[in-house]
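Report on one structure; see the data block that follows.
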Amino acid sequence: MGVRRKMALRFDLIIFTILLFASPVLSDLILSKVDRRIDLTSQIVRITSTLKVENEGSEPVSEVLLAFPDLQVKDLALLKASPHEGKGKVKSLSASLPVENVKPNGMPAALTFYAVKLPKALGKGDSYTFDVLAVFAHALRPFPEKITQADIQLVVFQESAFYLTPYVVKVQSLSVKLPESRIESYTKLENTKIHGSEIKYGPYENLPSFSYSPIVVHFESNQPFAVGQEVVREIEISHWGNVQVTEHYKLVHGGAQNKGEFSRLDYQARPTIRGASAFKYLIAKMPPRVHSVYYRDEIGNISTSNLWGDSKKTELLIEPRYPLFGGWRTAFTIGYGLPLKDFLFELEGNRFLNITFGSPMNELVIDNLIVKVVLPEGSGDISVSAPFPVNQWEETKLSHLDLTGRPVVVLQKTNVVPEHNQFFQVYYKFSKLSMLREPFMLIFGFFSLFVAGIVYMHVDMSISKSSAAYLARLQWDEVSMMCWVKFQSSMKIYTLD
Ligand SMILES: *[C@@H]1O[C@H](CO)[C@@H](O)[C@H](O)[C@H]1NC(C)=O
Ligand SMILES: *[C@@H]1O[C@H](CO)[C@@H](O)[C@H](O)[C@H]1NC(C)=O
C-alpha cells in the first residue's frame with residue numbers, strides 16, 4: 001500500500017505544475033477522436049495513438065502539437081508520426097510526417113512539445129487522421145526493486161487515462177496490453193474494463209485541454225530486460241568481397257536486482273520458478289548469406305551458440321555461460337562476414353554502403369551505441385546519410401600493410417531501440433588503383449627478397465659446411481621459409497572470396 005501512496009505523490013507533483021501553468025486553448029484545432037494503444041508486453045514500451053484533428057476556426061492550420069511530461073521524455077527513444085492507413089500498423093518511415101521539438105509560448109513548464117507538420121494545411125472544417133508512435137526505453141520500473149531468486153519480477157507503469165494535449169478532445173479511448181501473466185493492481189476509473197491481459201479505459205467525451213488522470217499498472221513481467229550499456233559495432237569494408245562486422249556488447253539485466261545468494265542447484269532444478277526473470281539466451285536476427293559467425297567472451301569461443309535460417313534471414317541463438325539475473329552483467333563479442341555485393345553499391349562514380357544501424361539482437365535497449373564504419377585505405381569525400389540524428393566524427397585505423405591508415409566514420413547514439421534498426425548510408429570515393437597497392441607492395445617486397453637471396457647464394461657457393469657463413473645461410477633459409485608461409489597466408493585473405 002505504501003507503494004501506491006508513494007507513486008501517487010509523484011503524480012500529484014506533475015498535475016500540480018500542469019494546473020498551475022495551464023493556459024487557454026492555443027488554436028482552433030480540436031481532436032475529434034483519439035485512440036491510444038499501449039503495448040507493455042516487452043521491456044520496451046510502445047504507445048501508438050491515432051489522432052483525428054479538425055480545424056474549427058477559419059485560419060488554416062498546418063501543425064499539430066504533441067505534449068509529453070518531461071518525466072516521460074527522458075525515456076523517449078523514438079517519436080514518429082505517419083498518415084493513418086485504416087486499421088493496422090504504422091506505415092514505413094518513407095511516409096512519415098516531419099516531427100520537431102518546439103517551445104510554444106505560454107505552455108506549462110513541466111511539458112515538452114513536439115510539432116507534427118501536416119502534408120497540407122487544414123482549412124475551416126477540414127480534418128486529418130494520423131498515427132503517432134512513441135517508443136520508450138526504461139519506462140517500466142521494477143517494483144520491488146530487489147527480489148530474490150524465488151520471486152517473480154513485478155514492474156510498474158504510469159500514464160494518464162486522458163490524452164494529455166493542448167487541444168479539446170471530443171472522444172477518446174485507451175487500451176493497455178500486458179504480458180499474459182499476473183496483474184498485481186491497476187487504477188480503476190469510471191469506464192474501466194479488463195479483458196484477459198488487456199485493460200481498457202474510456203470512452204471519455206468532451207474533455208478540456210490538458211486533462212490528466214493518472215493511472216498506475218503493476219504487473220508481472222518476465223521478459224528479458226536486456227540492456228546494452230555500451231555496444232560497439234565495427235563494420236569493415238574490404239573491396240575484395242567482404243563486409244566484416246564485429247560487435248562488442250556490455251550487457252546488463254536491467255530488471256529487478258537479484259538479492260541474496262544465487263543457487264545454481266535451485267535454478268537448474270526449477271528454472272521457470274527459481275529465476276523466472278533471468279535470461280538464458282538472446283536471439284540475433286542476421287542478414288541472409290551471413291558467414292563465418294563466431295561468438296566469444298573473455299574466456300574464449302562459446303560453442304553453445306546456434307545458427308539457423310533460410311534464404312531470407314538467419315537467426316543466431318546466443319547463450320552466455322550463465323543465466324543473467326537482475327543487475328548481473330556480461331560482456332561478449334560476436335563477429336560475422338557479409339557478402340559485399342549485398343551492401344555496397346555504386347552511384348555516379350561514388351560508392352556507398354547501405355546497411356542497418358542497430359544491433360541485430362531482439363528487443364534490446366542500448367544506452368550507448370557506437371557504429372564504426374572502416375573504409376578501405378585511400379577512400380575520400382566521405383559523407384553519411386542517417387534517418388535520425390546521430391553524433392558523428394572521424395578516426396583512422398591502422399592495420400597490417402596500411403601506409404596512411406583506413407578512414408573510420410564513427411556514429412554515436414544514446415537510447416537506441418529496435419525501431420532504430422534502419423538503413424543508413426556512407427558515401428565515399430575510391431580509385432580502383434589504390435586497391436592494387438597492397439598486393440603490389442607484397443609482390444614487390446618478396447621479389448626484392450628473392451633477388452637478394454639469389455645474389456647471396458651466388459656469392460656463397462664454395463663455403464665449407466663448418467664455416468660461420470654456412471650456419472648463417474642455414475638461418476637465412478629458415479627465415480625465408482617463414483616469410484613464404486606468411487606471404488601465402490596473406491595471399492589467402494585476398495583469394496578467399
Ligand atoms: C574462435 O572461433 C573462430 C571462428 O570460428 C576461430 O577463427 C578462432 O580461432 C577460435 N578461437 C579460439 C580461441 O578457439
Ligand atoms: C538500402 O537498402 C534497403 C533494403 O534493401 C532499401 O530499401 C533502401 O532503399 C536502400 N537505400 C538506398 C539509399 O539505396
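Values reported hereafter were calculated over all heavy atoms of this structure, with side chains retained and with hydrogens, waters and symmetry mates removed. First listed ligand is number 1; within each ligand, the first listed atom is number 1.
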* To do: Classify the angle between the aromatic ring planes of H218 and F143 as parallel (below 30°), tilted (30 to 60°) or perpendicular (above 60°).
  => perpendicular
* Is the gap between the ring centers of Y294 and Y336 under 6.0 Å? -> no
* Asked: Have D131 and S82 got a donor and an acceptor in their side chains that come within less than 3.5 Å?
  -> no
* To do: Flag atom 11 (N) of ligand 2 as yes if some protein heavy-atom distance to it falls below 4.0 Å, otherwise no.
  => yes
* F352-Y428 aromatic ring centre distance below 6.0 Å -> no
* Which atoms of ligand 2 have any heavy atom of F352 under 4.0 Å away? -> 14 (O)
* Structure fact -> The closest protein heavy-atom partner of atom 5 (O) of ligand 2 is F423 CZ, 4.3 Å
* Structure fact -> Checking heavy atoms under 4.0 Å, the part of F345 that sits near ligand 2 is neither
* Asked: Would you say atom 14 (O) of ligand 2 has a protein heavy atom nearer than 4.0 Å?
  -> yes
* Structure fact -> In this structure, atom 2 (O) of ligand 2 is nearest to the protein heavy atom N354 ND2, 2.2 Å
* In terms of side-chain heavy atoms, does N415 have a donor or acceptor partner in H420 at a distance below 3.5 Å? -> no
* To do: Please check if any side-chain donor atom of N362 sits under 3.5 Å from a side-chain acceptor atom of K285, or the reverse.
  => yes
* Asked: What atoms of ligand 2 come closer than 4.0 angstrom to any heavy atom of Q425?
  -> 11 (N), 12 (C), 13 (C)
